[in-house]
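I have placed the structure first, in the form of structure tokens, so that the comments after it can refer back to it.
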Amino acid sequence: MNELEAFCELSALRREALGGVSPKDYLSKKGVEHIILDEAVYARVNAGAGKGGQAGLGGTGGGTGAGQEGAGFGPGGAEGTDAEFAPRLAGEKSLDGAMRSLIARAVADPGEREKVRAAVAGLLEQDIRRRVDEATKPLREAKTRVENEQARTEGVLHQAVDGVIVVDEQGKILMMNPAAEQVWGQPLAQAAGLPIIEKAGENQVVTLAAELTAPPDRTIDARARTAAPPDLRRSVQASGAVVQTEAGKIVGMVAGPTDAAKLRETERLQREFVAHVTHELRSPLSSIRAALEILEGEAAPKLQAEHGRMLSTAVKNTDRLADLITSILDFSKIEAGQMEVRPGKADAAALAKEAAESLSAWAQKKSLRLSCEIASGLPPVRADGPRTVQVLINLLSNAIKFTPNGGSIVLRAGLDPEDGRRVRFSVSDTGPGIPKNQQDRVFEKFVQIAAGELHPGGTGLGLSIAKALVHLQQGKLWLESDAGKGAAFLFTLPVFVLAAESGDAVPAPKPWWKKLLGL
């Protein structure tokens, strides 16, 4: 390697810089032993001069002449002059090829050439590594800073909340853990697939980035969309404070009890109070009804006609009051998550007939045709029998209430044409129907919608309770109606399936994401 450096130094010197020392002596003083030097000297010749005026000497030992222009060195003269070597070097297609050509020109011994090439390649690799490290050091530091900031921000958020909701690139809900279900107000089975920014309820504040993906070739839109009732949004935003450094980096969060939390606590206390009061009303109401029945049976014959009608009206009003108390209690249990259903094997045809028979007298009194149409060979359903009859009676009661005298009501039961693993029940009437713009509100609590000229009585809880009872049995309840063409309420329940050996119901296998979240 030292010999190559000495040769490169000699190549870079002009003859005047040698100070009268021959190139061979120069190399000898440097301790070069493995480089054989040939020297060629060129001189300018006048254009009119003949052969005697040319000076061109070559070969070992060299020569001198006037007007020397430069010197080229090589092993045995095999590589030719600089003018011939430069174009050949420029024609090399790789750094390795160029390096080999240079070494071949400088080192005569083929065995030494590979050692020199390896040494030069090692130095070149070290230099490239050093320069690449220097050039990429700011990028590595910037990447580490971004990753640290992301980890710190995520750590703060995960410590601040217990619930986690996972969405896809369109912002649709994929998964949520039990804590998130409590915040959202719905189980994952009902919320999956819903756009999180569009389906926020009245008790949620949803903030979502404008862009959920981060493309590498442009800057994303850093804005965030927020969906919430204005009062609730202000309340939640006013209950928390972000902690950040002087540079604006988020490092923590401070939060206090919100007005929304106080509101939920108040609602809970209100539900408990209503449930307690209505439950306590049942006992005295039962006593009053029993006393009125005794009076109606024993004293009615002795009373005048007008007094008898008053007594009969009092008995009917106690029945209405008992129904109202039962509805309020059921709704309180549903809102508190305490309503229980016990699904089992049930005869769908028998459930439909029981509900129709219990209201047949009322239908006859209004001159309505109430009929049942049950598909043959209908399989049993997996349902809570009494609760399902309660749903059917509620739907039939509404139909009887709103159908004019002389109309007809049909209760049907058959396999769901869209899903053979479910049984569909439907109650259709020939009443005035429900306008399209009010159909979404039919199942809301405490909502009563007039149909035609009739205005309903009651609490407005019947359909809300019916829908909740159907959902608790893994079913679905919906409405089909056109104004002036009657209405049809439909719901489905799953078919009861027996295990091949035990004869018990086969539980549906849990999806992988429910197992992961422990649902």
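It should be emphasised that the depicted structure is a prediction, and the values quoted were computed from it without experimental measurement.
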* side-chain contact (heavy atoms from CB on, under 4.5 Å) evaluation trace for Val391 with Phe491 -> CA-CA 10 Å; Val391 172; Phe491 68 93; 4.0 Å; yes

* Asked: Hey, mind stepping through Gln473 and Val381 against side-chain contact (heavy atoms from CB on, under 4.5 Å) and telling me if it holds?
  -> CA-CA 10 Å; Gln473 299 178 81; Val381 292; over 6 Å; no

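Ion pairing between Glu134 and Arg130 holds under the 4.0 Å rule for side-chain N and carboxylate O. Classification of Arg424 and Asp419 as a salt-bridged pair fails, no side-chain N sitting under 4.0 Å from a carboxylate O. In summary, Arg131 and Asp127 engage in a salt bridge, as defined by a charged side-chain N under 4.0 Å from a carboxylate O. Taking the charged nitrogens against the carboxylate oxygens, Arg422 and Asp416 have no contact shorter than 4.0 Å, which rules out a salt bridge.
A donor-acceptor pair under 3.5 Å is formed between the side chain of Asp168 and the backbone N or O of Gly171. Side-chain atoms of Ser481 come within 3.5 Å of backbone N or O of Ile434 as a donor-acceptor pair. Side chain of Lys366 to backbone of Thr403: a donor-acceptor contact under 3.5 angstrom is found. Looking at Ser358, its side chain does come within 3.5 Å of a backbone N or O of Ala355 through a donor-acceptor pair.
Scanning all heavy atoms of the two residues, the minimum distance from Thr388 to Ala383 falls at OG1-CB, 3.5 Å. When all heavy atoms are compared, the tightest approach of Pro379 to Val423 is O-CG2, 4.2 Å. Nearest heavy-atom pair, Gly420 versus Val495, reported as atom, atom and distance to 0.1 Å: O-CG2, 4.2 Å. Closest heavy-atom contact between Ala375 and Gly414: CB-CA, 3.9 Å. Nearest heavy-atom pair across Ala399 and Val427 is CB-CG1, 4.1 Å. Of all heavy-atom pairs between Ala135 and Pro138, the closest is O-CD, 3.5 Å.
By the side chain to side chain donor-acceptor pair (under 3.5 Å) test, Lys143 pairs with Glu147, sequence neighbours left out. Residues satisfying the side-chain contact (heavy atoms from CB on, under 4.5 Å) test with Ser408, not counting sequence neighbours, are Arg369, Thr430.
Between Phe443 and Phe489, the angle of the ring planes goes over 60°, which puts this pair in the perpendicular group of the 30/60° scheme.
Counting heavy atoms from C-beta on, the side chains of Asp384 and Leu472 never come closer than 4.5 Å. Looking only at side-chain heavy atoms (C-beta outward), Leu477 and Leu490 stay at 4.5 Å or farther from each other. The shortest side-chain heavy-atom distance between Asp347 and Pro380 does not fall under the 4.5 Å cut-off. Taking 4.5 Å as the limit, every side-chain heavy atom of Val167 sits out of range of all side-chain heavy atoms of Lys172. Using a 4.5 Å cut-off on side-chain heavy atoms (C-beta onward), Phe425 and Leu392 make contact. Residues Gln170 and Pro195 are not in side-chain contact: their nearest non-hydrogen atoms beyond the backbone lie 4.5 Å or more apart. The side-chain heavy atoms of Leu95 and Leu124, taken from C-beta on, include a pair separated by under 4.5 Å. Proximity of Leu463 to Asn394: side-chain heavy atoms (C-beta onward) are separated by under 4.5 Å at one or more points.
Atom OG of Ser360 sits about 11.5 Å away from atom CD1 of Ile409, to the nearest 0.5 Å. Atom CG of residue Leu411 and atom CG of residue Leu396 lie 5.5 Å apart, to the nearest 0.5 angstrom. In this structure, the separation between CZ on Arg145 and CD on Glu141 is 6.5 Å, given to the nearest 0.5 Å. If you take CZ on Arg382 and CZ on Arg421, they are separated by 14.0 Å, rounding to the nearest 0.5 Å. The distance from atom CD1 of Ile165 to atom CG of Leu174, rounded to the nearest 0.5 Å, is 11.0 Å. Taken to the nearest 0.5 Å, the CG atom of Leu370 stands 10.0 Å off from the CD atom of Glu357.
Side-chain contact annotation: Trp362 with Gln364, donor-acceptor N/O pair under 3.5 Å absent. In this model, a donor atom of one side chain and an acceptor atom of the other lie less than 3.5 Å apart for Arg387 and Gln390.
Applying the 6.0 Å contact sphere to CZ of Arg140 captures more than 12 heavy atoms from other residues, nucleotides or ligands.
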